[in-house]
Number of protein chains: 2
Amino acid sequence: MKPLRETTSVNAQVLSALRAAVISGELAPGSLYSVQTLATQLGVSRTPVREALIKLAQQGMVRFERNRGVRVLLTSLHDLEEVFALRLLLEPAATRRAVDRLDAAQLKELRRTFAHMEKAAKSDDEFTMFEHDRRFHRVLLEAAGNARLAGIVDGLRDMVLRRGVSTARESRSLDDIVAEHRVILDLVEDGDAVGAAEAMRAHVEHTAALLIAQEAGGEPVDVDLSWTTGAVMRTN
Amino acid sequence: MKPLRETTSVNAQVLSALRAAVISGELAPGSLYSVQTLATQLGVSRTPVREALIKLAQQGMVRFERNRGVRVLLTSLHDLEEVFALRLLLEPAATRRAVDRLDAAQLKELRRTFAHMEKAAKSDDEFTMFEHDRRFHRVLLEAAGNARLAGIVDGLRDMVLRRGVSTARESRSLDDIVAEHRVILDLVEDGDAVGAAEAMRAHVEHTAALLIAQEAGGEPVDVDLSWTTGAVMRTN
DNA sequence: CGGTGACGTGTCGCATGCCACTCTCGCCGA
DNA sequence: TCGGCGAGAGTGGCATGCGACACGTCACCG
């Protein structure tokens, strides 16, 4: 007999497949693809493909062009700036909040994820590394108790994953990345909310600087993310 | 010559119609509706309705329940907390940024929108009032130069609009709301970025407090949004 | 030789068909 | 009377049909 088990819906499978294809670059940024073609390649009909693409379009990864196809959007320098401005506004604050709310299970999960990152870095497994990197951040964000915030940041990561995965190592080794997360983890374990938030800010800012510099390709960059930091309240 | 008339797509019309129906409460929170029924009422086929609902589902306004229908989600106290935590993290910072980037056209638009708010408050036109309230915020957010940020906040507003429109006046008059925006506008015109950001924070915080207190209905509330404010950097 | 307009191909957007599943409600037996 | 159950109606998810439009091609004309 066939697996009576409830497999995830076709739509969900198509969605993750398309997302992965965009991230991996299998679907080239800037190129046009037809729903029919994608549906055939995935072995399903046009409907679930179209519906998945609608979701990706809402997220800003693709854009429908009437009677022409669906275009995979390329992330410009400005896009990177937008994404990291948002991450800098959200992640440090969420981290600060998370430290005071983290329960035992979440802390354990955070440690476990970090251990996986270390292991992946040791075996030079870039893909697994970034997978757990993402999970590390997600655990912290969820611990902050704001699902929308976690979802937003998680969505933002997709925007830069494609550029980040294969090239970030040019300027920062996997070990460096692990080290930055270790600092965060240690401060979280110490219950130092402000410190952990600051470490997170530094980590995200560092990542932003590397990716933006890389994207600019040596040209002088006109990107200012400093406005995302600092007191909102008047300094008395 | 201008293109004669670009009829907005059926999908877009359906989307705004459904969004309006949810916000106005015409589609009751917690209730189930079928795509077929909605499509018939709107005079279109199921496809564009379903696609619009998918977008609303991604935004968190509705949820598909297989073989049962689509449920309009109700906003809980925790939802309000999430939404306003995000707004407090984003809007003051964006305002601060906007003050330094605002061009003449945007400033003019901000003044114009504020004037509309005043007029609407005078004639006690609640609907128009909130329409321009939303626009006021959107202009500022867009001036910050971050389209994603503007889009996120704009989406968040939908979550509370339903509760806010018809009941906020119980504790805060339209004139009060105008006054809060006037403070922001004045500080923006003065070029006082930090002050405008602080005014925005106070405004959003005030709105949050009122809506949350109202939602709680007198019961003691356990909502803490203070973590969204304050220095992320260590205070030296 | 250059410009132009008609035609064919390919595409999305919308409508519709089909299927498995869920829930309701009335019937039947104890 | 009451409880279980089964048939039917209704639903979302997926597949497919269909029309209008964009764009490339190419023959034709100036």
Side-chain angles (χ1 to χ4, degrees), chain A residues 1-19 21-22 26-74, chain B residues 1-19 21-22 26-74:
Chain A
M1 292 290 292
K2 228 358 190 47
L4 229 358
R5 201 61 230 103
E6 181 63 28
T7 62
T8 57
S9 75
V10 175
N11 193 312
Q13 293 181 45
V14 169
L15 180 61
S16 63
L18 288 177
R19 172 173 280 133
V22 171
E26 188 180 333
L27 297 180
S31 299
L32 276 173
Y33 298 90
S34 81
V35 174
Q36 176 65 71
T37 303
L38 295 173
T40 303
Q41 289 175 355
L42 292 172
V44 297
S45 83
R46 302 180 331 238
T47 305
V49 174
R50 178 172 168 81
E51 293 180 355
L53 286 171
I54 287 175
K55 294 177 184 174
L56 293 181
Q58 271 220 317
Q59 196 183 330
M61 295 184 71
V62 302
R63 183 183 59 199
F64 278 91
E65 300 188 7
R66 182 172 179 119
N67 297 334
R68 299 211 28 177
V70 54
R71 188 180 300 278
V72 179
L73 297 178
L74 41 82
Chain B
M1 282 234 293
K2 237 181 78 173
L4 280 168
R5 189 66 211 102
E6 182 65 28
T7 322
T8 55
S9 73
V10 175
N11 193 310
Q13 294 182 45
V14 169
L15 180 61
S16 65
L18 288 177
R19 171 174 282 131
V22 171
E26 187 180 335
L27 296 180
S31 300
L32 276 173
Y33 298 90
S34 81
V35 175
Q36 177 65 70
T37 303
L38 295 173
T40 303
Q41 288 175 356
L42 292 172
V44 297
S45 82
R46 298 173 345 230
T47 305
V49 174
R50 176 172 169 81
E51 292 180 356
L53 286 171
I54 286 176
K55 293 178 184 174
L56 293 181
Q58 271 220 316
Q59 196 184 329
M61 295 183 70
V62 302
R63 182 182 58 199
F64 278 93
E65 300 187 6
R66 183 175 180 111
N67 298 331
R68 299 204 20 138
V70 55
R71 187 180 300 279
V72 179
L73 296 178
L74 40 81

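First the proteins, then the strands, lettered A, B, ... as listed; each starts at 1. Remember, predicted model here, so these are calculated numbers, not experimental data.
Taking atom CG of residue B:Leu53 and atom P of nucleotide D:dG12, one finds them 9 Å apart after rounding to whole Å. Here C:dC12 presents its P atom at 13 Å from OH of A:Tyr33, a figure rounded to the nearest Å. A:Ile54 has its CD1 atom 14 Å from the C1' atom of D:dG13, to the nearest Å. Taking atom CG of A:Leu32 as the reference point, atom P of C:dT11 lies 10 Å away to the nearest angstrom. Between B:Gln36 atom CD and C:dG17 atom C1' the separation is 12 Å, expressed in whole Å.
For the atom pair A:Tyr33 OH and A:Arg71 CZ, the distance stands at 10.5 Å (nearest 0.5 Å).
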Please lay out, stage by stage, how B:Val44 and B:Gln13 fare under the test side-chain contact (heavy atoms from CB on, under 4.5 Å). CA-CA 11 Å; B:Val44 297; B:Gln13 294 182 45; over 6 Å; no
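Of the N and O atoms on the side chains of B:Gln36 and B:Thr40, at least one donor lies less than 3.5 Å from an acceptor on the other residue.
With contacts defined as side-chain heavy-atom distances shorter than 4.5 Å, the pair A:Leu27/A:Leu38 qualifies.
Here the closest heavy-atom approach between residue B:Leu42 and residue B:Ala17 is recorded as CD2-CB, 4.2 Å. When every heavy atom of A:Leu18 is checked against every heavy atom of A:Ala52, the shortest pair comes out as CD1-CB, 4.0 Å. Residue B:Val49 comes nearest to B:Val14 through the heavy atom pair CA-CG1, 3.8 Å, listed as atom of the first residue, atom of the second, then distance.
Side-chain nitrogen and oxygen atoms of B:Ser34 include at least one within less than 4.0 Å of the OP1 or OP2 phosphate oxygen of D:dT11.
Sorted by first and then second residue, the salt bridge (Lys or Arg N to Asp or Glu O under 4.0 Å) pairs involving residues 31-50 of chain B (not counting sequence neighbours) are A:Glu51-B:Arg50.
Non-hydrogen atoms lying under 4.0 Å from DNA chain D are contributed by A:Val44, A:Ser45, A:Arg46, A:Thr47, A:Pro48, all within residues 44-51 of chain A. Near-neighbour residues of DNA chain D inside residues 62-71 of chain A, defined by a heavy atom below 4.0 Å, number-ordered: A:Asn67, A:Arg68.
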